[in-house]
Each structure stands twice: as C-alpha cells, then as structure tokens.
Enquirer: 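Got a structure for you, written out below as structure tokens; questions coming shortly.
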Amino acid sequence: MPEGPSIVILKELIEELQITGQQVLEVSGNTKIDKERMLNQPVRAFRSWGKHFLICFDDFSLRIHFLLFGSYRINERKESIPRLSLRFQTAEINFYACSVQFIEGDINQFYDWTADVMSETWDPARALEKLYCLPDALACDVLLDQNIFAGVGNIIKNEVLFRIRLHPLSTMQEIPRELLMLLVEEARNYSFDFLEWKKAYTLKAHWLAHTKKICPRCDIPFEKAHLGKTNRRSFYCNNCQIRYTGA
DNA sequence: AAGGATGTTGCCTG
DNA sequence: TCAGGCAACATCCT
C-alpha cells in the first residue's frame, strides 16, 4: 500500500468517482482530529505528494498517510472501524489505520511538488543537487529521503539499486556523476514501472531483488542486511552491485 | 504460527 | 542538547 505509486492509484480511483466539487455530507471515524470542520465543505481537488494522499478544501487540506498498515475502501466498508469516513452525495470513502491531519492554508506553500517522483513537475536536476549536498550519505539512505525522492519506499529502493548495479553502502561523493544521474532517473522510471505492475497485480512477480535470496544476474546468494541511518532491509548482490566508497 | 514489514512520529534516555 | 532507540499504530504475509 504505502509507496508513492500506490497513492497515485488511489488518487486515480477516486478521480474516477467524479466527486470533485461535491460537499462532504457526513463524517465519522475514530480519528481525534476535528473532522466536523469538513462537513458541507466542497472538495476542490484530490492530490498526492509522495506517500501522502491529499483532499483539498477551500481553506485547508486533509493529509492521509497510510504508514505500514493503512488501507481504504471506496463505496465499501471493512469490519473494523474506519479512522475516517467521508460520505458524498454519490460516493463514500473509508480510510483505515492511517495517519490523518489537516494542513492549513495554501497547499502549494506547503509542498515542493518537484520533489515527488510521480509528479509531472518532478525535477531531476534539483534532486541531483540535493545529493551533491550530502557527500557522506549512503545510497540506501538517500533513496528513502522524502525531501529528495518523495514517494520512494523500501521496495523501490532495493529494486533501483539492483537495476543500476549500485551497492547500497556507496557514498554520494564517491559515485561517478553519470551513475548518480542514473540513480535519479531510475528512481522515477522504476516508480512508473511499479505503478503499471501494481495495476496489473504483477508487482511481486517483477521483483528482482526485494525479498529475493539469489541474484538473478549472478546466481549467487544475495546479501540481506539492515543498512544505513534508515536501518531498513536491503537485498543486494556483492558481486554485481558496485560499491563506491572512500574507505 | 510467531515475527516482521511497502513507514513515520514522538517520547524517553543517556 | 540532541542523537539514537524504540514503542506505537493494527494488518498481512511468510
């Protein structure tokens, strides 16, 4: 559920309902935020930024983050109590086990859309600049940095590093410029592959590294370790993923 | 079938 | 003072 492409799928499903402009007729759920303020407010837009799903009203927006376990149902309900349920004239949206919060004022002041790998306004040059500002940072950490690659999660991280044959413990300052540009490029490319495979229910079948035990290029065992400041699972091949490091 | 994970926040400790 | 550790969230897969 939680990586950027999955949020794009949610946004597309909700846009198909064509309820933009409709008012919220009823709110419920076990969230502690002041959900009643959405009552009778017309929705101006449904948007996404990285792993955030955004419902924009006139003076504020609702931010939904699904974390690890969050889920949603459109015109359906689960057994469990929703964190937040929004009823419109022609549709009902239910969110479960997610983080919800309000963002006040103009959403464009709050989000840098060019940092979202799924965005039309994604700016690879700016991402590259950010990487040059982090000479000691590790490849496995920067890909998960939402200020640089909003939407990239642990699956995309592992698959991108494998695809470009870069060892997760490589540092920014040691990676050749061409390869760093490829890192930026593939963070977006793989995210769109992820989107298509997820829509076709074939995402897992396309994993080459994530959760895998054997390198499909070398036929030798993958390394599995929790690496970097982020300390997230990394699956990588010590043979074909090159480690660029000063040490 | 227990344990960990596609993630982030916030509190506690040293 | 602040970085690091870890619980919390609550579901699904292995």
Side-chain angles (χ1 to χ4, degrees), chain A residues 1-11 13 29-33 35 48-54 61-73 76-85 94-103 110-112 115-118 134 136-163 168 186-214 221-236:
Chain A
M1 179 64 236
E3 299 196 33
S6 298
I7 305 304
V8 169
I9 290 171
L10 167 59
K11 189 185 72 170
L13 286 173
N30 60 15
T31 177
K32 289 173 187 160
I33 65 169
K35 56 187 183 293
S48 66
W49 180 88
K51 301 165 189 171
H52 300 192
F53 179 61
L54 304 163
S61 297
L62 179 74
R63 189 206 83 170
I64 296 168
H65 197 303
F66 292 93
L67 302 171
L68 217 47
F69 314 123
S71 62
Y72 61 86
R73 291 291 185 275
E76 282 179 23
R77 295 179 185 186
K78 297 177 70 170
E79 295 274 329
S80 55
I81 297 169
R83 176 66 29 83
L84 181 68
S85 174
N94 298 303
F95 300 101
Y96 303 87
C98 52
S99 160
V100 294
Q101 68 181 58
F102 289 120
I103 294 168
F110 193 88
Y111 284 106
D112 173 12
D116 177 3
V117 296
M118 302 304 291
L134 299 169
D136 297 318
L138 302 175
C140 61
D141 284 333
V142 297
L143 277 166
L144 294 174
D145 187 332
Q146 299 300 293
N147 291 313
I148 306 174
F149 299 106
V152 169
N154 207 36
I155 297 171
I156 297 174
K157 175 199 81 178
N158 281 320
E159 294 297 322
V160 166
L161 291 175
F162 180 74
R163 192 179 259 196
E186 286 303 324
R188 178 172 167 93
N189 278 349
Y190 186 85
S191 294
F192 278 91
D193 288 342
F194 183 122
L195 175 65
E196 293 312 308
W197 292 331
K198 180 98 182 171
K199 283 178 177 176
Y201 305 101
T202 60
L203 178 63
K204 269 189 199 179
H206 282 91
W207 288 350
L208 298 177
H210 193 252
T211 73
K212 297 297 178 181
K213 293 195 161 49
I214 306 286
F222 266 129
E223 302 297 322
K224 174 188 169 185
H226 288 75
L227 301 180
K229 287 181 183 171
T230 47
N231 201 35
R232 303 290 303 279
R233 283 198 304 175
S234 289
F235 300 84
Y236 55 101

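The figures here come from the full heavy-atom set of this structure, side chains too, leaving out hydrogens, waters and symmetry mates. Chain letters run A, B, ... following the sequence lines, proteins first and then strands; every chain starts at 1.
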Enquirer: Examine B/dT8: is either OP1 or OP2 under 4.0 Å from a nitrogen or oxygen in the side chain of A/K51? Give yes or no.
Expert: yes

Enquirer: Tell me whether A/N94 contacts the main-chain N or O of A/E76 through its side chain, where contact means a donor paired with an acceptor under 3.5 Å.
Expert: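 Yes, because the side chain of A/N94 sits within donor-acceptor range (under 3.5 Å) of the backbone of A/E76.
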
Enquirer: Rounded to the Å, how far apart are A/K32 NZ and B/dG10 P?
Expert: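 Between P of B/dG10 and NZ of A/K32: 13 Å.
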
Enquirer: Sticking with atom C1', work out how far B/dA5 lies from C/dC6, rounded to a whole angstrom.
Expert: 16 Å

Enquirer: Specify whether A/W49 and A/Y111 have parallel, tilted or perpendicular ring planes, treating 30° as the upper limit for parallel and 60° as the lower limit for perpendicular.
Expert: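 A/W49 and A/Y111: tilted rings.
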
Enquirer: Would a distance-only check, ignoring hydrogens and angles, find a side-chain to backbone donor-acceptor pair under 3.5 Å from A/D141 to A/K229?
Expert: yes

Enquirer: Donor-acceptor pair, distance only, cut-off 3.5 Å: does the side chain of A/E159 make one with the backbone of A/K157?
Expert: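 No, the answer is negative, given that no donor and acceptor are paired below the 3.5 Å cut-off.
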
Enquirer: Taking the ring of A/F53 and the ring of A/Y72, is the distance between their centroids below 6.0 Å?
Expert: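 Ring centroids of A/Y72 and A/F53 are no less than 6.0 Å from each other.
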
Enquirer: May I have the distance from A/R233 (atom CZ) to B/dG4 (atom C1'), rounded to whole angstrom?
Expert: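 Interatomic distance, CZ of A/R233 to C1' of B/dG4: 8 Å.
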
Enquirer: Measure CZ/A/F53 against C1'/B/dG7 and give the value in whole Å, please.
Expert: 18 Å

Enquirer: Once you round it to whole Å, what is the distance between C1' of B/dT6 and CG of A/L144?
Expert: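 My rounded result for the distance is 10 Å.
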
Enquirer: C/dC9 P sits how many Å from A/I81 CD1, rounded?
Expert: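 From A/I81 CD1 to C/dC9 P: 15 Å.
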
Enquirer: Which whole-number value in Å describes the distance from A/H210 NE2 to B/dA5 P?
Expert: 9 Å

Enquirer: I need the NZ-P distance between A/K157 and B/dA5, as an integer number of Å.
Expert: 11 Å

Enquirer: Taking any heavy-atom pair under 4.0 Å as a contact, classify A/H226: base, sugar-phosphate, or nothing.
Expert: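 Here A/H226 touches the backbone only, sparing every base.
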
Enquirer: Could you run down the sub-3.5 Å N/O contacts of the protein with nucleotides 10-14 of chain C?
Expert:
from   : atom 1 : to    : atom 2 : distance (Å)
C/dA10 : OP1    : A/R83 : NH2    : 2.2

Enquirer: Counting only Watson-Crick pairs (N1-N3 plus N6-O4 or O6-N4) and G-U wobbles (N1-O2, O6-N3), all under 3.5 Å, who is the partner of C/dA10?
Expert: none

Enquirer: For B/dG4 and C/dA7, measure between their P atoms and round to the nearest Å.
Expert: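 Nearest-Å result for B/dG4 against C/dA7 at atom P: 12 Å.
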
Enquirer: Nearest whole angstrom, please: distance from the C1' of B/dG7 to the CH2 of A/W49.
Expert: 13 Å

Enquirer: For atom CD1 of A/I33, is the number of surrounding heavy atoms from other residues, nucleotides or ligands below 6.0 Å larger than 12?
Expert: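 Yes, enclosed.
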
Enquirer: Once the angle between the rings of A/H206 and A/W197 is folded into 0 to 90°, is it parallel (under 30°), tilted (30 to 60°) or perpendicular (over 60°)?
Expert: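 Ring orientation, 0 to 90° scale: parallel.
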
